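Owing to the predicted nature of the structure, the values given are computational and were not obtained by experimental measurement.
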Amino acid sequence: MTGPLTGPVAGVAARPGGGDPAPRRDGAGDVYAEAVAAFEEVALLAANERVPLDDVLRRAGRRLCELLGVSRCSVYLRRADSRFQGRVGYSAGRRNIDAGVRRLVSGGEHDLFTAEIVGTASPVVVQEAMTDPRTIRRTMRRWGVRDMLGVPLVVDGEVIGIIYMDNEAQEHLYTTRDITLAQAFAGLVAIAVRQAWLYQQLARRTRTIEHHRTILGAAQALYSRLTHAVLDGAEIGEMLGLTAEMLGKPVVLYDPELTVVAWAAPPSLALPDGPGLTAVQRCLPQVRRVLAELDRGSPSSVLRASPELGCRRLFVRLVVDGACAGYLELCELGGGLCPTDATALEQAATAVALKLLTGSRRAGALPYERADYLADLLHGRRDAARLADTAAALGFDVQKRHLALRLAYAGDRTGDATGSRRHDAAAAAVGRHLAAGTRCVAHTGTAGEDLLLIEVPAAGEAWEADFRARLATAFDELVRGYGVVHAVASEPCRALADLPARAERAREVAALLGHAGAGRRLAFARDFELVRLVNQRDGLAGAHRQANDLLAPLVAHDAATGGSLVETIAAYIDCHARIRSTAVALDVHENTVRYRLNRIRELSAIDPERVDSLFGACLAIQVLRLFGGPAGLSGSPNAGTDQPETKEHEPMFDEPAPHPGSAA
């Protein structure tokens, strides 16, 4: 019932027979003394801040009924809209009627009875309430009200509440003394009610503040841990796992199109699959409504549970540089959603957005950092001891091999004076044609030339034929789109420190192509190694440097392990690339020779299966023998000297070893 009520709402017990609860005296002083005596119990309740306001109101209404000898009363309090809301009710000898009272509102447009009470701030009596034009008569009939007294609760001239009193379905004559007594008692009650209300408001605010403190504390704890994780370099998956652990529920990260990027769940749930929305669920109208609400600025939004969606879901929008970068979702699995979840998830979204922003800006700067690293590497401006650490930090896989691809241009077709757009576009064109496991990781350029660093598999030869075919296709695009004249690919190097020498050899081959007038051509440096060696102009000193560079990985390996790779390749060449003869010369099993040749191919640029590679190795060995080093090159290959025990394991005679392809 939402209509105004001018009848009783809370009943108060009356003494049997409906008579006065105590002998009445006529003096005004006696009236006030009686009012104060009746108020004593109410005052004690109101002074106890742990007693609810409704208990104070109910006790006040009951004591007033006992003073006036009526059986029922109801207590209303003023609302913000100036109407009065029913709070408590009492009826002598009957069940609790609070529920019915709380549905009632008085002080509406047609409730003239209440308006008179408020206007005069004094008690008002209505006789025959069911027919009186000042009342809401249908309410009077429903509650069985005959004669009614309305007593205002006044504080500082303002009516803060009203007590309606009557004898249910019975007549009752309210005397002047009754009205005076009721007014005196109500004046005392009003102050007590005001005090109890203030206590209640203070307690509510204290609880609210404590609740907010709890929420903020939990959210701040999560945000602090996530922020430290970002600063420590944690990835998105780790951050989601930390959030799921602290909130005890699964967390899902979506991109702006609501496609699942990553998810995490507490281990206790043992979820086999992610709880993120499927493609069908993303198209549901309720999902779109939640996203629209977030896009309008709502900090979070709850997607209600349904047969199509399953559990409830709490969504938060991720914002990076003022644009939507995705959504973070908390699923109601493992526990219900609580008020702290929304604030904590918003804090988590801030940390995840920070990580996305950092990653985005890092990704934007990474190509430039890689280009600077490559330029420094090629020009010897990097400390060799720090090459591996720096390379790993920039995203280079130091476990793979790298080769340099040099591009020479007839002219700039991009209108880019610095060449930055040119080599960006060229690198992208080459990258589109590379196979999985092979990628262009850095590029730099000078006037008329670009140098691309390409990462290739660490082992195996199957990639080379496919790589050559793919690079040929890319070269055709480079010629058509960018005016490339020559493209020369160096041999793969095992360590980035070897890249400058390989890139220089590719430059020399590119120069040979230019001198030969070969036209537009893709070449591989190893295919022209002999021509490059013949064209060397550095004399014996240059040949010595070339020999040291070629055999350096094998010399370093032998020094570190006590191995015999340098001696083995020398014997293999002296024995005309015959494994059996080499095994006899070295006094080892043939499988040991095969194993060593395979290691030579893995560690250096020497490929025992290629004639041109063996020719280069032969020239290097002869030059080093001329200069008297390194160890293992001065003796005759047919000496059959016993070999010292090596630190590196070599296969015994009954162990199969990879065959490099040479005939025995």
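The closest side-chain heavy-atom distance from Thr582 to Leu597 is not below 4.5 Å. Proximity of Asn591 to Arg594: side-chain heavy atoms (C-beta onward) are separated by under 4.5 Å at one or more points. Leu586 places none of its side-chain heavy atoms less than 4.5 Å from the side chain of Ser564. At a threshold of 4.5 Å between non-hydrogen side-chain atoms, the residues Leu277 and Val252 do not count as touching. Between Leu258 and Val287 there is a side-chain heavy-atom pair separated by less than 4.5 Å.
Expressed to the nearest 0.5 Å, how far CG of Asp450 lies from OH of Tyr409 amounts to 3.5 Å. One finds the NE2 atom of His576 at 8.5 Å from the OG atom of Ser581 (value rounded to the nearest 0.5 Å). Leu403 CG to Leu471 CG: the interatomic distance, rounded to the nearest 0.5 Å, is 8.0 Å. Expressed to the nearest 0.5 Å, how far CH2 of Trp263 lies from CG of Leu240 amounts to 11.0 Å. Residue Leu405 holds its CG atom at 7.5 Å from CG of Leu522, rounded to the nearest 0.5 Å. Between the CG atom in Leu603 and the CG atom in Leu551 there is a gap of 12.5 Å [rounded to 0.5 Å].
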Between Leu614 and Ile569, is the side-chain contact (heavy atoms from CB on, under 4.5 Å) condition met? List the steps.
CA-CA 9 Å; Leu614 286 178; Ile569 191 62; 4.2 Å; yes
Criterion side-chain contact (heavy atoms from CB on, under 4.5 Å) on Tyr482 and Leu407, from CA distance to verdict:
CA-CA 10 Å; Tyr482 307 100; Leu407 305 177; over 6 Å; no
Yes or no on salt bridge (Lys or Arg N to Asp or Glu O under 4.0 Å) for Glu602 and Arg599, after CA distance, side-chain angles and deciding distance?
CA-CA 5 Å; Glu602 291 176 352; Arg599 290 291 290 150; 2.9 Å; yes
Going through the checks in order, is the salt bridge (Lys or Arg N to Asp or Glu O under 4.0 Å) test met by Asp498 and Arg502?
CA-CA 7 Å; Asp498 300 331; Arg502 302 294 170 85; 5.1 Å; no
How far apart are the C-alpha atoms of Phe315 and Leu345, what are their side-chain angles, what is the distance that settles it, and do they pass the side-chain contact (heavy atoms from CB on, under 4.5 Å) test?
CA-CA 8 Å; Phe315 276 88; Leu345 193 66; over 6 Å; no
Checking Leu452 against His443 for the side-chain contact (heavy atoms from CB on, under 4.5 Å) test, could you report, in this order, the C-alpha distance in whole Å, the side-chain angles of both residues, the deciding distance, and whether it holds?
CA-CA 4 Å; Leu452 279 58; His443 52 271; 4.1 Å; yes
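Contact record, Val484 with Val479: O-CG2, 3.5 Å, taken as the closest heavy-atom pair. Pairing each heavy atom of Pro256 with each of Tyr327, the nearest pair is O-CE1, 3.8 Å. Nearest heavy-atom pair across Ala506 and Ser490 is CB-CB, 4.1 Å. In terms of heavy atoms, Ala605 sits closest to Leu550 at CB-CD1, 4.1 Å. The minimum heavy-atom distance linking Ala503 with Leu451 is given by the pair CB-CD2, 4.4 Å. Nearest heavy atom pair, residue Asp466 against residue Ala435, reads OD2-CB, 3.6 Å.
Glu245 is linked by a side-chain hydrogen bond (donor to acceptor under 3.5 Å, both in side chains) to nothing, counting only residues two or more places apart in sequence or in another chain. By the side-chain hydrogen bond (donor to acceptor under 3.5 Å, both in side chains) test, Glu477 is found to be paired with Arg432, His433, residues two or more places apart in sequence or in another chain being considered. With sequence neighbours left out, the side chain to side chain contact (heavy atoms under 4.5 Å, CB included) criterion links Cys618 to Ile573, Gln622. Remark: Arg406 pairs with Glu449 by the side-chain hydrogen bond (donor to acceptor under 3.5 Å, both in side chains) rule, at least two apart or across chains. Every residue two or more places apart in sequence or in another chain that forms a side-chain hydrogen bond (donor to acceptor under 3.5 Å, both in side chains) with Thr568 is listed here: Arg596.
Between the side chain of Arg439 and the main chain of Gly431, no donor-acceptor pair closer than 3.5 Å is present. Proximity of a side-chain donor or acceptor of Asp549 to a complementary backbone N or O of Ala501 within less than 3.5 Å is not detected.
Listed by first and then second residue, the side-chain hydrogen bond (donor to acceptor under 3.5 Å, both in side chains) pairs that reach into residues 266-275 come to none, sequence neighbours excluded.
With salt bridges taken as basic N to acidic carboxylate O contacts below 4.0 Å, none links Arg505 and Glu508.
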